[in-house]
Amino acid sequence: MLMKFRKFLILLIFLPVFATKIWDEKEVKNHILTFKPKYYPPPNIIIKRKFNYLQKIKKTCDFIASLQVGDSNNINFGGIIEAEHLPNIVETDNTQEAIWCFARYYQLTNRNDYWVNIRRAWIYVLNFPAYREGSPGYEWYGVWNCGLALFCEMKYREVYGDSSYQPYIDTCLLYIYSHPLPFINNLNVFVTSFVAGMLYDYGKKRNNQQAIDTALSYALRVKNWVEENPQRLREAFWAMSGGTVIWGIANSFCKEDTIAGREWLLTYTDSLPFFIPYGQWNNSWNIWIANAYKATYEITKEERFLNYHRYILDTLLLEDRDDDGGIPATFGEPPNYDQSWISSYLFFMGMDKYVTPTYDYDIGVLKFLKPEEQFYLVGETINLKVIATNYGREPLTNCEVFLRGEIEKETIVNLDFLELDTIDFGNYILEREGISSFSSYTNHLLDENRLNDTSEIRIKVYGYRHLAGRLLDSITNFGIWAKIFAFIINDTLPFDSTITDSLTGNFSLNLFDTIFKITILPSLPYPKRIFYLRIFSDTFFTFYILKANLLLVNDDPQSKYENYYTPIFDSLSFSYAIWPRNINGVLPISKALLTNYKLIIWYTGDAYQNTLNEEDQDSLIRFLNEGGNLLLTGQNIAQDLRNTNFLREILNVEFLRDTVYGYNIFGNINDSFGQLFTITSTVGAGGANNQRSRDEIRPINIARPFLLYDTLTNQVAGIYFQRESSKVIFLAFGIEAINRPIQRPEYMSRLEFMRRILTYFGMIGVEEKKFSLLKVRSQVLKNKEIYDLLGRKRDIHKLNKGIYFIKEKKSFKILLIRN
């Protein structure tokens, strides 16, 4: 064993740390300091998945057997390898767990498929016995292994009637008795509870009073430890969790005194975290939690604990993504990281509960295959498939399988030992809305268990609903041209779409009775709008939209970086329209002038040539001559336009040089407007991080410098000016890159930067009125019926933030409330 232990230490240098290796004191202390698990609470409704557990057990045993060392010349002959990706780690605990699994499989099926594997496993165990696993400093690991020795030998003797390994067990008992673990860390507590549960079972089966007394003594120590602070049950260490603690007490103290035990478990089991979603070996932590729920159910008989057990078990079975019978130790690890020991846990802590009793002849319909579509509409077709399976020990022929419901069919299949057979009953046209129910069941004269014959499925069939309406200007009541898209929640493709009439604003959509996201993309100068509607019946809606506060022109060559601007406008309560220049073409200035504040924010992103072509320049000149305001921002603009009248006469700057080095932008303290700006950065992940060629410019004529790249050399980064009623700001860099690094809280954020820019244009962020989407007044609403998205009638004086519907005589109007 010493040789094996040294070999193991060397291997740790080269292998990943994901094996269930022995932890030293440093690792234990580090885990205590760093492990702060998040967890899921128990669900109120349990959704049960269906498996043929005996078939899964067979796959698990096959998987474990595939990891047994078969080379008789190898020192580890007969041992069970830790994991698929850790072929050089072989351990006694893995091997003892495998003996239990192989013996139990024989007991369940009368098929002695793994006898050779068992004999070889005992050879390894006797070469590397459990009581030698606990070297100085690792006594807990020896106690753990000795507890598993009791577990596997009890099952082996029960199945095969062979007591020849009693001397081995006697030595393991002596090791447990002579090594009570001090409660200096939670790991020792967990192992103590584990071995208490194993000792008690052994003592009862062997009539060994010393084992019983020791088990109860250990359990009381752990019980007191839990009662001091029940939050300890939320901890997880090594391959164990608080579930190990509960299981050990339930399997000893609570079995000894079932009345007191029941009360104790009802008091403390609910302190478990139910499911720990992440952490190294969290699949092991969670199956131990499931095991605790099972043990609690067996004492308390409260069904919810068994539901919790099955829910966690079925969730972990889904981790077998390559269907080889093994799962990884950590949730979400790749399929080639399956490990032997955690797969064994799923057998004896999980699936074993649901294969007792096992029948010779037992068939049934496992489940309906899940429909492919999320929603089904009247007139659509559904494919009805079921999986029939053999749960029993013996094959059966001429098994009748029936489909009942709105359609009736039947067929006959032969089912071999543990076979799963997919049966296709064909297509069915859904002819009416509502709930369509189907059931499928098996029938055979020899079937000994009728409880698992039947499976059912209920499908909600939706009926079509007609949504008609109008899209109108909130002030003039004129119709607005727009594209309208209706999306089912979470879908990326629209269910239906339409275009409004440009004169009346009328539109029509064919939807169905669920919640839809209605996306409205109107023509300029109106902003994009999104509404969420619950469609109960054929409905008429009138949508009212105000003109946008500003127009954002996205002139990036690939139309990127909008998301660095639009959240700012949302935060400042400005409505905005977007014009993607490289998609929509030249901007129609006549419509841009109709925005409420007549402001264009134009950015060029990554453009380095043709930043503003002659058409763009002519459009902006016309816009400014009509009294419009302009914020123009982008690297390379000045360089690209350096020889144009537009740069000198319209923007009032000259280009000096490109690729200004450095990262920051400073306010010009010698300018009244520049004094509003502190330092900010144009690099880093908080911005677009796209500035490769910031231009240096020189203001001429009426332009004034307010932003600088360098306060010593006064390199100008931004200017502003006013000519008659038009105001202009030109930035020789892209606002999208502005970033306030986390380590520099004194830097100006992009939000604050834009707020102060917009202040210059007289745009003070004013929140929309409470009923901004409706041209209504409180007296108009006084006698109206108001409904929420779920169709519930609401008191107008108690409405929170959200979307509501106002009932008219023949239609509904939409109401948006923003806090």
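In this text, all values refer to a predicted model and were calculated from it rather than measured experimentally.
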Open item on the list: Could you check whether K294 makes a cation-pi contact with F305, meaning its NZ or CZ is under 6.0 Å from the centre of the six-membered ring and within 45° of the ring axis?
Closed with: no
- [ ] Any pair with a residue in residues 108-122 that passes salt bridge (charged side-chain N to carboxylate O under 4.0 Å, His left out), sequence neighbours left out, goes on the list, sorted by first then second residue, please.
- [x] K58-D113
Open item on the list: Looking at T214, is its backbone amide N or carbonyl O close enough to the side chain of S217 to form a donor-acceptor pair, meaning the two atoms are under 3.5 Å apart?
Closed with: no
Open item on the list: Is the ring pair Y165/Y156 parallel, tilted or perpendicular, if the boundaries are 30 and 60 degrees?
Closed with: perpendicular
- [ ] Check whether the ring centres of Y131 and H179 lie less than 6.0 Å apart, and answer yes or no.
- [x] no
- [ ] Show the numbers, then the answer: is there a side-chain contact (heavy atoms from CB on, under 4.5 Å) between V143 and T192?
- [x] CA-CA 8 Å; V143 173; T192 298; over 6 Å; no
Open item on the list: Checking side-chain polar atoms at under 3.5 Å, does T454 have a donor or acceptor matched by the opposite partner on S439?
Closed with: no
Task: Smallest separation among heavy atoms of S344 and I64, with atom names - done: OG-CD1, 3.1 Å
Task: Intermediate values then yes/no, side-chain contact (heavy atoms from CB on, under 4.5 Å), Y354 and L306 - done: CA-CA 11 Å; Y354 304 105; L306 190 60; 3.4 Å; yes
TODO: State, to 0.1 Å, how close N117 and A65 come at their nearest heavy-atom pair, and which atoms those are.
DONE: ND2-CB, 3.7 Å
TODO: Determine, using ring centers only, whether Y160 and W115 are less than 6.0 Å apart.
DONE: yes
Open item on the list: Against the six-membered ring of Y297, is K301 placed for a cation-pi contact (under 6.0 Å from the centre, within 45° of the normal)?
Closed with: yes
Task: Minimum heavy-atom distance W341-A239, with the two atoms named - done: CZ3-CB, 3.8 Å
Open item on the list: Determine whether a donor-acceptor pair (N or O, by modelled atom type, separation under 3.5 Å) exists between the side chain of H309 and the backbone of M349.
Closed with: yes
Task: Non-hydrogen side-chain atoms of D352 and V355 separated by less than 4.5 Å - done: yes
Task: Backbone of A211 reached by a side-chain donor or acceptor of N208 within 3.5 Å - done: yes
Open item on the list: I'd like to know if the side chain of T330 pairs up with that of N282 as donor and acceptor (distance under 3.5 Å, no hydrogens or angles considered).
Closed with: no
Task: Flag, side chain of S178 to backbone of Y175, donor-acceptor distance under 3.5 Å - done: yes
TODO: Could you go through the side-chain contact (heavy atoms from CB on, under 4.5 Å) check for L187 and M240 one step at a time?
DONE: CA-CA 8 Å; L187 184 59; M240 294 176 288; 3.6 Å; yes
Task: is_close_aromatic(F274, Y308), centroid dist under 6.0 Å - done: yes
Open item on the list: Could you tell me if the side chain of F51 sits less than 4.5 Å from the side chain of L313, heavy atoms only?
Closed with: no
Task: Under 3.5 Å: donor-acceptor pair, side chain of K385, backbone of I423 - done: no
Task: E456 and R458: CA distance, side-chain angles, deciding distance, salt bridge (Lys or Arg N to Asp or Glu O under 4.0 Å) verdict - done: CA-CA 7 Å; E456 298 178 343; R458 289 162 54 86; over 6 Å; no
Task: Within residues 155-180 or reaching into it, pairs that qualify as salt bridge (charged side-chain N to carboxylate O under 4.0 Å, His left out) - sequence neighbours excluded - done: E153-R157, K155-E158, E158-K205
Open item on the list: Restricting to non-hydrogen atoms, name the atom on L384 and the atom on D424 that form the minimum distance, rounded to 0.1 Å.
Closed with: O-OD1, 3.7 Å
TODO: Please report the C-alpha distance between K255 and N251 in whole Å, then the side-chain angles of each, then the deciding distance to 0.1 Å, and finally whether the side chain to side chain donor-acceptor pair (under 3.5 Å) criterion is met.
DONE: CA-CA 6 Å; K255 280 186 175 179; N251 212 52; 2.7 Å; yes
Task: Validation row: V90, Y124 side chains within 4.5 angstrom (heavy atoms) - done: yes
Task: F151/F348 aromatic ring centres below 6.0 Å - done: yes
Task: Donor-acceptor under 3.5 Å (E394 side chain, D360 main chain) - done: no
Task: Evaluation steps, side chain to side chain donor-acceptor pair (under 3.5 Å), between S343 and T60 - done: CA-CA 6 Å; S343 304; T60 297; over 6 Å; no
Task: Donor-acceptor pair, side chain of N390 and main chain of L415, under 3.5 angstrom - done: yes
- [ ] Check whether any side-chain heavy atom of E298 lies under 4.5 Å from a side-chain heavy atom of K353, and answer yes or no.
- [x] yes
Task: Under 3.5 Å donor-acceptor, E448 side chain and Y359 backbone - done: no
- [ ] Determine whether the aromatic ring centres of F438 and F368 lie less than 6.0 Å apart.
- [x] no
TODO: Determine whether D447 and Y361 make a side-chain contact, defined as any pair of heavy atoms from C-beta on separated by less than 4.5 Å.
DONE: no
- [ ] Please report the closest heavy-atom contact between Q96 and A149, naming both atoms and the distance.
- [x] OE1-CB, 3.2 Å
- [ ] List in chain and number order the residues that pass ring-ring contact (aromatic ring centres under 6.0 Å, His included) with F347, two or more places apart in sequence or in another chain; answer none if no residue qualifies.
- [x] W100
Open item on the list: Could you check whether any side-chain heavy atom of Y218 comes within less than 4.5 Å of a side-chain heavy atom of V222, counting everything from C-beta outward?
Closed with: no
TODO: Identify the heavy atoms of Q68 and G78 that sit nearest to each other, and give their distance.
DONE: NE2-O, 2.9 Å
Open item on the list: Closer than 3.5 angstrom, by distance alone: can the side chain of E84 be matched with the main-chain N or O of D338 as a donor-acceptor pair?
Closed with: yes
Open item on the list: Quick check against the 3.5 Å criterion: does S440 have a side-chain atom that pairs as donor or acceptor with the backbone of L403?
Closed with: no
